[in-house]
Participant: 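Supplied in structure tokens, the structure appears directly below.
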Amino acid sequence: MRVGPMGICSIRGRSMVSQQYVAQDFEEKWQAKWEEAGIYRADDGDTTRPKFYSLVMFPYPSGDLHMGHMRVYTVSDVISRTRRMHGYNVLNPMGWDAFGLPAENAAISRKMHPEVWTKQNIRFMRDEQLKKLGTSFDWRREVTTCDSDYYHWTQWLFLQFFKHNLAVRKEAPVNWCPICQTVLANEQVEDGACWRHPETKVEQRLMSQWFLKITDYADPLLLDLDKLQNWPSSVRIMQQNWIGKSEGALLTFTVESKPNLQITVFTTRPDTVFGVSYLVLAPENPLVAELTTDECKEAVAKYVDQSKHKTELDRMTGEKTKTGVPLGTYVINPFNGDVVPIWIADYVLMNYGTGAVMGVPGHDDRDFAFAKTFNLPIIEVISPDGNPTGELNEAYLEHGKMVNSGKFNGLDSREAKKKFIEHATENKLGVGRTQFRLRDWLISRQRYWGCPIPLVHCATCGIVPIPDEQLPVVLPVEGIEITGEGGSPLGRMDSFVKTSCPKCKGEARRETDTMDTFIDSSWYFLRYADAKNPAEAFASSKANYWMPVDQYVGGVEHAILHLLYSRFFTKALRDMKLVQCDEPFTNLLSQGMVTKFSPSSGRIEKMSKSRGNVVGTADFFKRYGADSARLFTLFAAPVEQELEWNEEGAIGQYRFLSRVWRFVTDLIESGALKPDLVGSMPAVDHAALDEKSKALHSLVHKTVKAVTLDLSQERYNFNTAIARCHEMVNGLYKYLQDCGSDNGSTVGTEFSEQQKALFAFAVRNLLLVLAPMAPHISEELWQQAGFAKAEGKFIHVTTWPTFDETLTIDNQIELVLQVNGKIVSKVSAPRGLTKAQSEEIAQNDPKIRSKIDGQTIRKLIVVPDKLVNVVI
RNA sequence: UGCACAGUGGCUCAACGGUAGAGCACCCCGCCGUUAACGGGUUGGUUAUAGGUUCGAUUCCUAUCUGUGCAGCCA
């Protein structure tokens, strides 16, 4: 049985009228009042306060957020609220990454239009979930990427890329399902088969597609990682690896039987060219047909066909044993005249380098494995000491001295690398070359629920952009048929496809591809700065005021693609003079995922619907309140780490808040704190307090200091911040006990005016430091205790409390006495002793004396106010 | 296989190279017209292992082991 919010409270053994902490009674009330008062609105261009742009990765509106999702919004909200209280003009916006495949799938399975499904999810997630968590978003700036007033500008930006030659059309392989007659995304390919037809193998097909030339920015994207010192190093390293810059050379080999035919390879190790014992081409390399002899034709054709049916994923994750076939032709090594065979093998990729590789088994693992499999010669050209070791049991990958390399023998291999490139350049055998692993960004999707690419194909004018004044190209809502089969739904819609050329007015066809949804999310942070602008994507003045984002919070799963694309967009837009900053996100926080025991697998796994281990928000909010949920997600683990959800721990935070609640309401109840008079209470006079009160007063200052530091951008130690609040509340209850209260309540105990002032001071500061993390209970108690009336403000726009540094330092310290680094004794001493005084205490300490036992002291090490180490 | 991060009381986490501490749980005492209870208190650690640097190492270095994440033959 639950005792109601207002009733005769006997459950605590005291017969008095008191309130129990029931979060539901007031959480929604405050959410409504905050919104009505507009306290979370950001002011464009305010120069009286410093700006702070706090951003959290916007969600895909999948329909239902669970507690796992809530972690990231809680973290970002605490950061925003803290900055607001520190006097910043905070921009904390939210929106929806609303285009994407799940909406189309819902359309297929539920016969529901993607837009209807999406809009309904957005409404639920916004009103029933995010708002009820107590987030402090400025909803006036809400953006939804599938709305035409947003994708209008996605299209406009695409055309800017097009006009600057950063959007180009190229042939590229796609996953093609012959039954559905459509292109599949990588995640729709399961075990090499279509997700809807497990019996049908997916084929690789070449199609003409749109790309953004992110490779044009490979170097700046790599170099500027150095500017992102406040990103997790793991993310920087992942991006660095993804961009994958390699310095090396292009070397040209001439085909023995066809002297006018040459094969160029890329290598990072031109120094090993004397060790080449074969050449390998990718199976797709166009030279293959020309270089295959009649005897080898059959075997080669078979091999090429096999690899066509392997998707790129298969080729990369497949077994490591090397396969391949010889073409029957040979090339001449331009450095030493050796004649070596040409092979094809699928470990060579067509879309990296030149699609051809020189095989150096002695100094490359993969080549070594290949040579072993097919009995090709292994030539040693580098040895650790300059003496050939003879037989190699594995590839030698280190640097060393050149051997078996003609006039280069004896050189250090690093030096040789330069010499080989020089030699190649002078003799026109090759050239130095920097290669990136990063590839251009394929943005074409043969899908309906995405942003249409605003171009037309005209028989006379070619590819023509839609003029600005005709944007947006609206995604048709009526008459669309989504079945998942037969290619792009837009392509089957004559009313969409048939149009006239903007240039010659002749007949033309619209482009029917839509854009990768990563494009929508590559600029949304700029739109927030000017979200409702009907005339342009964003006013540069507003973007330049808010950008860059001061704190971005999101999951590590976006460590590479989303963040890299956004960086690319920002740099490209900077070069188009649309923004000034060259990096969008100066600080990045990657929060860990939320896990929970999953009964189906018996393991602790990421919280997700499919695993059946989700904790819903509505149920939890109803029982314990949003504040308890927030506190638990902040407290249970450091923010970057994985967090295991457990109901007990969450309830623990509810108990903590109950303790806060009871303390404050009892204080009011007992008359020790009078809400009407709280504004005119005397300041706490530290000197006039007794020892226990002094300690409590210090505890308040220590807590404010600790929480201030823990919530700062340098730390973000939310878990320890909450632990400090726990400690302070424990201290308050302990103090009551010391004052003679036997039930942890101020009711029934007399207090002096000084003590009452101290309580008011303690409560005020506690509520303030708790406010960013537990916004509802802080506001409710702030109002109940009369602070709101006295100071005329909501707690969330009240200035963050300060602390007196001198009160956070104890006057009496414990001096640790060591002999040879081992603790022998601890003595209490006043703070601020001189070195000599400390040494004297140590030397006169009986325990130390007996330990020294007449031996000579070799050294005395003093750490002021901490310890003395006697070395004998 | 490579790269990254992490191994500290039962659990989750702290500790500028200087006393290994919190919170929760357990246990004990008290309160009670006990039932989302409440107040107080006591336990509890060779800091994964082995070396090294240092007056002094949880902290720095090296190696090993274990776990997690990311990558995936990028020449």
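Here is how names work: the chains are called A, B, and so on, in the same order as the sequence lines, proteins then strands, and each is numbered from 1.
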Participant: Between A/Arg724 (CZ) and B/G23 (P), how many Å, whole number?
Facilitator: 10 Å
Participant: Side chain of A/Val348: nearest nucleotide among B/A36, B/G23, B/A75?
Facilitator: B/A75
Participant: Name the nucleic acid region contacted by A/Arg623, choosing base, sugar-phosphate or nothing; use a 4.0 angstrom heavy-atom cut-off, strictly under.
Facilitator: base
Participant: Can you tell me how the ring of A/Phe656 sits relative to the ring of A/His726, calling it parallel under 30°, perpendicular over 60° and tilted otherwise?
Facilitator: tilted
Participant: Just N and O in the side chain of A/Arg662: are any of them under 4.0 Å from OP1 or OP2 of B/G39?
Facilitator: yes
Participant: Rounded to the Å, how far apart are A/Ile560 CD1 and B/A71 P?
Facilitator: 6 Å
Participant: On a whole-Å scale, what distance lies between the C1' atoms belonging to B/A37 and B/A20?
Facilitator: 35 Å
Participant: Base, sugar-phosphate or nothing for A/Ser658? Non-hydrogen atoms, less than 4.0 Å.
Facilitator: nothing
Participant: The side chain of A/Gln737 lies closest to which of these nucleotides: B/G39, B/A36, B/C73?
Facilitator: B/G39
Participant: Could you tell me how far apart A/Arg715 (CZ) and B/A15 (C1') are, to the nearest whole angstrom?
Facilitator: 11 Å
Participant: Roughly how far apart are A/Ile848 CD1 and A/Leu817 CG, rounded to 0.5 Å?
Facilitator: 4.5 Å
Participant: From C-beta outward on A/Ile823, which listed nucleotide comes closest to its side chain: B/A20, B/A22, B/G72?
Facilitator: B/A20
Participant: Are A/Arg659 and B/G39 close enough that a side-chain N or O sits under 4.0 Å from OP1 or OP2?
Facilitator: yes
Participant: Quick one: classify the glycosidic conformation of B/G69 as syn or anti, with syn meaning within 90° of 0.
Facilitator: anti
Participant: Parallel, tilted or perpendicular: which one describes the rings of A/Phe26 and A/Trp661, with boundaries at 30° and 60°?
Facilitator: parallel
Participant: Base, sugar-phosphate or nothing for A/Ile861? Non-hydrogen atoms, less than 4.0 Å.
Facilitator: base
Participant: Contact class for A/Ile237 (heavy atom, under 4.0 Å): base, sugar-phosphate, or nothing?
Facilitator: sugar-phosphate
Participant: When you get a sec, tell me which of B/U19, B/A75, B/A14 is the closest nucleotide to the side chain of A/Val816?
Facilitator: B/U19
Participant: Should A/Arg655 be listed as having a side-chain N or O under 4.0 Å from OP1 or OP2 of B/A25?
Facilitator: yes
Participant: To the nearest Å, give me how far apart CH2 (A/Trp242) and P (B/C70) are.
Facilitator: 13 Å
Participant: What distance, rounded to whole Å, do you find between the two C1' atoms, one in B/C13 and one in B/A25?
Facilitator: 14 Å
Participant: Of the options A/Tyr624, A/Trp645, A/Tyr654, which is the one that meets A/Phe632 in a ring-ring contact (aromatic ring centres under 6.0 Å, His included)?
Facilitator: A/Trp645
Participant: Base, sugar-phosphate alone, or nothing: which one does A/Lys734 contact when heavy atoms must sit under 4.0 Å apart?
Facilitator: sugar-phosphate
Participant: Measuring only the P atom in each nucleotide, how far is B/U58 from B/G18? A whole number of Å is fine.
Facilitator: 11 Å
Participant: Does the plane of the ring in A/Tyr733 sit parallel, tilted or perpendicular to the ring in A/Phe663? Use 30° and 60° as the thresholds.
Facilitator: perpendicular
Participant: Under 4.0 Å, counting only non-hydrogen atoms across every strand here, what does A/Asn869 touch: a base, just sugar-phosphate, or nothing?
Facilitator: base
Participant: Phosphate oxygens OP1/OP2 of B/G23: is one of them under 4.0 Å from a side-chain N or O of A/Asn730?
Facilitator: yes
Participant: When you compare B/U34 with B/G23, how far apart are their P atoms, in angstrom units rounded to a whole number?
Facilitator: 30 Å
Participant: Which word best sums up how the rings of A/Phe751 and A/Phe759 line up, parallel for under 30°, tilted for 30 to 60°, or perpendicular for over 60°?
Facilitator: perpendicular
Participant: Go ahead and name the base partner of B/U1; Watson-Crick or wobble counts if both distances stay under 3.5 Å, otherwise write none.
Facilitator: B/A71
Participant: Nearest heavy atom decides the nucleotide; on that basis, is A/Val871 or A/Asn241 closer to the 5' end of RNA chain B?
Facilitator: A/Asn241
Participant: Determine the interatomic distance between P on B/A48 and the same-named atom on B/G10; round to the nearest Å.
Facilitator: 14 Å
Participant: Taking the same atom, C1', in B/U68 and in B/C27, what whole-Å distance lies between them?
Facilitator: 34 Å
Participant: Can you check the A/Leu817 CG to B/G18 P distance for me, whole Å?
Facilitator: 17 Å
Participant: Of the options B/G18, B/C70, B/A4, whose atoms approach the side-chain atoms of A/Lys866 most closely?
Facilitator: B/G18
Participant: From B/C73, B/G18, B/C13, pick the nucleotide closest to the side chain of A/Tyr347?
Facilitator: B/C73
Participant: Using a heavy-atom cut-off of 4.0 Å across all strands, would you classify A/Glu814 as base, sugar-phosphate, or nothing?
Facilitator: base
Participant: With a non-hydrogen cut-off below 4.0 angstrom, is A/Gln641 in contact with a base, only sugar-phosphate, or nothing?
Facilitator: sugar-phosphate
Participant: My understanding is that a pair needs two contacts under 3.5 Å, Watson-Crick or G-U wobble. By that rule, which nucleotide pairs with B/A57?
Facilitator: none
Participant: Hey, does A/Tyr624 reach any base, or is it just sugar-phosphate, or nothing, if we go heavy atoms under 4.0 Å?
Facilitator: base
Participant: Determine the Euclidean distance between corresponding C1' atoms of B/G9 and B/U42; express it in Å to zero decimal places.
Facilitator: 15 Å
Participant: Reckon A/Phe436 touches a base, only the sugar-phosphate, or nothing at all at heavy-atom distances under 4.0 Å?
Facilitator: nothing
Participant: Could you give the CD-to-C1' distance, from A/Glu727 to B/A15, as a whole number of Å?
Facilitator: 13 Å
Participant: Answer yes or no: is there a donor N or O on one side and an acceptor on the other, between the side chain of A/Arg236 and the main chain of A/Leu228, under 3.5 Å?
Facilitator: yes
Participant: Taking the side chain of A/Lys826 as heavy atoms from C-beta outward, which of B/A75, B/U19, B/U68 is closest to it?
Facilitator: B/U19
Participant: Of all the choices, B/A22, B/C70, B/G72, which nucleotide is nearest to the side chain of A/Met238 once you look at every atom?
Facilitator: B/C70
Participant: Provide, to the nearest angstrom, the distance between the CD atom belonging to A/Gln653 and the C1' atom belonging to B/C13.
Facilitator: 13 Å
Participant: For B/G40 and A/Tyr733 - does any side-chain N or O of the residue sit under 4.0 Å from the phosphate oxygens OP1/OP2?
Facilitator: no
Participant: Just checking A/Lys851: does its NZ atom have more than 12 heavy atoms from other residues, nucleotides or ligands closer to it than 6.0 angstrom?
Facilitator: no
Participant: Taking the P atom in each of B/U64 and B/U1, what is the distance between them to the nearest angstrom?
Facilitator: 12 Å
Participant: Counting Watson-Crick and G-U wobble pairs only, both distances under 3.5 Å, name the nucleotide matched with B/U34, or none.
Facilitator: none
Participant: Has A/Thr720 got a side-chain N or O lying under 4.0 Å from the OP1 or OP2 atom of B/A22?
Facilitator: no
Participant: Under the ring pair (Phe, Tyr, Trp, His ring centres under 6.0 Å) criterion, do A/Tyr278 and A/Phe374 qualify, and how do the steps go?
Facilitator: CA-CA 11 Å; A/Tyr278 61 95; A/Phe374 297 108; 8.9 Å; no
Participant: A/Leu251 has an atom CG; how far is it from atom P of B/A75, in whole Å?
Facilitator: 14 Å
Participant: Which heavy atom in A/Lys847 sits nearest to a heavy atom in A/Val824, and how many Å separate them?
Facilitator: CD-O, 3.6 Å
Participant: Need one value for A/Phe266: base, sugar-phosphate or nothing, where a base atom within 4.0 Å counts as base even if backbone is also close, heavy atoms only.
Facilitator: base
Participant: For RNA chain B, whose closest nucleotide is more 5', that of A/Asn719 or that of A/Leu867?
Facilitator: A/Asn719
Participant: Give one of base, sugar-phosphate or nothing for A/Asp365, where a contact means two heavy atoms less than 4.0 Å apart.
Facilitator: nothing
Participant: Both distances below 3.5 Å, Watson-Crick or wobble geometry, any strand: find the nucleotide opposite B/G23.
Facilitator: B/C11
Participant: Given that both distances must come in under 3.5 Å, which nucleotide forms a Watson-Crick or G-U wobble pair with B/A50?
Facilitator: B/U62
